[in-house]
Structures are given as structure tokens and as C-alpha cells.
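In this chain, numbering begins with 1 at the start of the sequence shown. Computed from a prediction, not measured in an experiment: that's the story for all the values here.
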Amino acid sequence: QVQLVESGGGLVQPGGSLRLSCAVSGSIFGIYTMGWYRQAPGKQRELVSSITSGGSTNYAISVKGRFTISRDNAKNTLYLQMNSLKPEDTAVYYCNVDFGPRRSWGQGTQVTVSS
């Protein structure tokens, strides 16, 4: 069963913006620290940002100041607002539990930043 569904990716020019969404199944979404991850071609999957149940956030140095993570516990949805996008942000973006029991990875959503 699909438990994580990412959406919102696309092709944008450098400097552009995208807002990613992650629909999470389960009635206890609100208790977990959630994270956004990305995997670029030829690279390992990396943690981009995380957010605790209480709203405390963490960002990779590479995206700090440009990306904003948020969550809507009532909708079981995780978001990633991405501004000032750079070509090096090109990757497949995934969501999952960060601190807690991880679920099976979803298909992710492709973000391509190119002129």
C-alpha cells in the first residue's frame, strides 16, 4: 500500500520556486519528526530538511535560507517551499519519517532546475 505520496515537482528556471507536498497515511502522523530527502543522479540520498511534531526545523547547509519546511497535522501533509532554486537542487525529492519508524519510500517527485 502506498503510504507516502509526493507531488509538486516540475521544471523551473534558476531562481524560480516550487512547493512540494507529501501526503502521509496514518492517524499518528502528528507525533513523528518528518523529513524531506533528495537524490540527485549519481549521488546518495540526503536529508534536506526535517520538522518535529512541535514545529522545530532543521535544514541542510546547502538549502538553508532558501527552503522552508512545514506541516499540517490535520491534513497529514508535509510541505517544502523551495525558493531561489539552483541547478544543483535538481533531484528526486522524497518524504519520510526522520525520527521514528520509516515507511517504505514513495516514488518521489522530480525537481529539475535548468535554463
Problem set entry | Chi angles and distances behind the side-chain contact (heavy atoms from CB on, under 4.5 Å) call for Leu20, Thr109 | CA-CA 8 Å; Leu20 307 184; Thr109 185; 4.0 Å; yes
For this session: Write down the atom of Val24, the atom of Met34, and the distance for their closest heavy-atom approach.
Result: CG2-CE, 3.9 Å
Exercise. Which pairs, with at least one residue in residues 57-82 and sequence neighbours excluded, count as a ring pair (Phe, Tyr, Trp, His ring centres under 6.0 Å)?
Worked result: none
Exercise. So, Ser49 side chain and Asn58 main chain: donor-acceptor pair closer than 3.5 Å or not?
Worked result: yes
Exercise. So, does Arg19 use its side chain to make a donor-acceptor pair with the main chain of Gly9 at under 3.5 Å?
Worked result: no
Problem set entry | Distance (rounded to the nearest 0.5 Å) between Ser62 OG and Lys86 NZ | 8.5 Å
Problem set entry | Distance-minimising heavy-atom pair for Leu78 and Ile51 | CD1-CG2, 3.6 Å
For this session: State, with a plain yes or no, whether a side-chain heavy atom of Trp105 is found less than 4.5 Å away from one of Leu4.
Result: no
Problem set entry | Any Ser84 side-chain heavy atom under 4.5 Å of Arg66 side chain | yes
Exercise. Closest heavy-atom contact between Gln39 and Lys43?
Worked result: NE2-O, 3.2 Å
For this session: Taking the side chain as every heavy atom from C-beta outward, state whether Leu18 and Leu85 have any atom pair closer than 4.5 Å.
Result: yes
Exercise. Does the side chain of Asp98 come under 3.5 Å of the side chain of Tyr37 through a donor N or O and an acceptor N or O?
Worked result: yes
Exercise. Is Phe99 reachable from Tyr32 through a run of I, L, V, M, F, W or Y residues, each pair having side-chain heavy atoms under 4.5 Å apart?
Worked result: no
Problem set entry | Straight-line distance of Ile69 CD1 to Trp36 CH2, nearest 0.5 Å | 8.0 Å
Problem set entry | Gln107 atom CD: more than 12 heavy-atom contacts under 6.0 Å | no
Exercise. Of all heavy-atom pairs between Gln110 and Val92, which one has the smallest distance, and what is that distance?
Worked result: OE1-CG2, 3.2 Å
Exercise. Would you say the side chains of Asn83 and Ser17 form a donor-acceptor pair under 3.5 Å?
Worked result: yes
Exercise. Is there a donor-acceptor pair closer than 3.5 Å between any side-chain N or O of Thr77 and the backbone N or O of Lys75?
Worked result: yes
For this session: Rounded to the nearest 0.5 Å, what's the gap from CG on Asn96 to CZ on Arg102? Could you check?
Result: 6.0 Å
Seminar exercise, completed: Value for SG (Cys95) from CZ (Arg38), rounded to nearest 0.5 Å, stands at 15.5 Å
Exercise. Are side-chain heavy atoms of Ser114 and Pro87 found at a separation under 4.5 Å?
Worked result: no
Exercise. Nearest 0.5 Å, what's the CG-CD distance between Leu80 and Glu6?
Worked result: 11.5 Å
For this session: Taking the side chain as every heavy atom from C-beta outward, state whether Asp89 and Met82 have any pair of such atoms under 4.5 Å apart.
Result: no
For this session: Report the distance from atom CZ of Arg45 to atom OH of Tyr94, rounding to the nearest 0.5 Å.
Result: 6.0 Å
